There are 2 protein chains.
Amino acid sequence: MADVIELPVIQQESCCAPATSAPITPEQAASTAALFKALGDPTRVLLISIVAAADGQEACVCDLTEPTGLSQPTVSHHLKILTEAGFLSRTRRGSWAYYALVPGSLERLASLLAEPRAD
Amino acid sequence: MADVIELPVIQQESCCAPATSAPITPEQAASTAALFKALGDPTRVLLISIVAAADGQEACVCDLTEPTGLSQPTVSHHLKILTEAGFLSRTRRGSWAYYALVPGSLERLASLLAEPRAD
DNA sequence: ACGCCATATTGACATTCATCGATATGGGAT
DNA sequence: ATCCCATATCGATGAATGTCAATATGGCGT
């Protein structure tokens, strides 16, 4: 066997940690993976993209259903997943539900991948 | 209905595109989602983390099986997924298979999330 | 109050996926 | 050649997931 890595198992209360500097705990891996999982679907990436590129970085469901070519319930389902993951926020205005990109959410995830600085 | 977004559908030969500046094509969404999907599993995040933190950013399978608490075939399966996604590379040395972090792969994905510059 | 429109939830279904045991492959060492 | 060890592949299985039609909820007009 080659070098035995002892896996220091750093304890840290932040939910996520940079994945490149030191091994993370299984709990940190789970919460980080949950974020990636939310983005691990073509429809959801497309939805994020449309919302992010929209005016004011928000869009209503009626604008999101057609570009995806999916049914309205399915789009609502994906929006819920993205919202629960913290990437989108939901606001009702009249009969419409507007989903907006949560500022910094994508950058925060990006920093887990590349930037080695801690919180 | 609110503002109708026309979805410009940018044609571009690069496999992925920044998701925040302009709507992407369904094809780009699919390939981007495939990358996130590869990281959307706790075990795989843990594996990436261990490899990235290891000496020379590489580790052999024998060092990766125990920390995950999973069977060796399962670990091999996850390593294959990460390799096919382009995050890890495989090298045989003797009987051992060493998996190394592909330099820049995580940063490239991070740039899709945060950095608005194109290639 | 009623009806209409936009959105969310439910239930069902087919597919994908993570996992394991069993087995195959492949490289030393004897 | 043969044995052993490390790793990969195969087949099966149970759980999770994406999707839809049907239905529920909730708000605005009339």
Side-chain angles (χ1 to χ4, degrees), chain A residues 1-5 26 29-48 50-51 54 58-85 88-100, chain B residues 1-5 26 29-48 50-51 54 58-85 88-100:
Chain A
M1 205 184 301
D3 306 321
V4 175
I5 298 179
S31 49
T32 301
L35 297 179
F36 286 125
K37 195 178 201 174
L39 298 180
D41 179 273
T43 300
R44 293 198 285 270
V45 170
L46 187 58
L47 289 173
I48 286 268
I50 295 175
V51 168
E58 72 170 9
C60 97
V61 180
C62 56
D63 295 326
L64 296 171
T65 304
E66 189 230 13
T68 62
L70 296 175
S71 73
Q72 173 267 318
T74 300
V75 173
S76 271
H77 171 241
H78 286 302
L79 290 171
K80 185 179 186 180
I81 290 177
L82 288 171
T83 302
E84 287 175 343
L88 297 181
S89 62
R90 198 187 96 109
T91 314
R92 272 203 96 104
R93 277 207 295 280
S95 310
W96 298 279
Y98 286 80
Y99 285 86
Chain B
M1 208 186 296
D3 306 319
V4 175
I5 298 178
S31 50
T32 301
L35 297 179
F36 286 124
K37 196 176 200 175
L39 298 180
D41 179 273
T43 300
R44 292 197 286 269
V45 170
L46 187 57
L47 290 173
I48 285 267
I50 296 175
V51 169
E58 72 169 12
C60 97
V61 180
C62 57
D63 295 327
L64 296 171
T65 303
E66 188 230 14
T68 63
L70 297 175
S71 73
Q72 173 267 318
T74 300
V75 173
S76 272
H77 171 242
H78 286 302
L79 290 171
K80 185 180 187 180
I81 290 177
L82 288 171
T83 301
E84 287 174 344
L88 296 182
S89 62
R90 198 186 96 110
T91 314
R92 272 203 96 104
R93 278 209 294 281
S95 311
W96 298 279
Y98 286 80
Y99 285 86

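Naming convention: chains lettered A, B, ... in sequence-line order (proteins, then strands); numbering from 1 in each chain. Predicted model only: the values in this text are computed from it and were never measured.
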Given atom [atom1] of [X] and atom [atom2] of [N], what is their separation to the nearest angstrom?
X       : N      : atom1 : atom2 : result
B:Leu70 : C:dC17 : CG    : C1'   : 14 Å
A:Leu88 : C:dT7  : CG    : C1'   : 15 Å
A:Asp63 : C:dA6  : CG    : P     : 11 Å
A:Arg92 : C:dT7  : CZ    : P     : 8 Å
A:Ile81 : C:dT9  : CD1   : C1'   : 14 Å
A:Phe36 : C:dA18 : CZ    : C1'   : 19 Å
B:Arg93 : D:dT7  : CZ    : C1'   : 15 Å
B:Gln72 : C:dA18 : CD    : P     : 17 Å

Please determine, for the side chain of [X], which listed nucleotide ([options]) has the closest atom?
X       : options                : answer
B:His77 : C:dT19, C:dT7, C:dT16  : C:dT19
B:Ser76 : D:dG18, D:dA8, C:dA18  : D:dA8
B:Arg44 : C:dA18, D:dG18, C:dA8  : C:dA18
A:Lys80 : C:dT9, D:dT19, D:dA8   : C:dT9
A:His78 : D:dG18, D:dA8, C:dA18  : D:dG18
A:Thr74 : D:dG18, D:dT9, D:dT19  : D:dT19
B:Cys62 : C:dG21, D:dT7, D:dG18  : D:dT7
B:Trp96 : C:dA18, D:dT7, D:dC20  : D:dT7
B:Ser95 : C:dT19, D:dA8, D:dA6   : D:dA6
B:Ser71 : C:dA18, C:dC20, D:dG27 : C:dC20

Heavy-atom donor-acceptor pair, [X] side chain to [Y] backbone, under 3.5 Å:
X       : Y       : answer
A:Thr32 : A:Ala29 : no
B:Thr74 : B:Leu70 : no
A:Arg44 : A:Leu47 : no

- prompt: Hey, which of these two, A:Val75 or A:Gly94, hits DNA chain D nearer its 5' end, going by closest nucleotide?
  reply: A:Val75
- line: On a heavy-atom basis, the closest approach of B:Val45 and B:Leu39 is CG2-O, 3.2 Å
Side-chain N or O of [X] less than 4.0 angstrom from OP1 or OP2 on [N]?
X       : N      : value
B:Tyr99 : D:dA6  : no
B:Lys37 : C:dT16 : no
A:Arg90 : C:dT7  : no

message: Between the side chains of B:Arg93 and B:Glu58, is the shortest nitrogen-to-carboxylate-oxygen separation below 4.0 Å, so that they form an ion pair?
response: yes
query: Does the pair B:Tyr99 and B:Thr83 meet the rule for a side-chain contact (heavy atoms from CB on, under 4.5 Å), with working shown?
result: CA-CA 8 Å; B:Tyr99 285 86; B:Thr83 301; 3.3 Å; yes
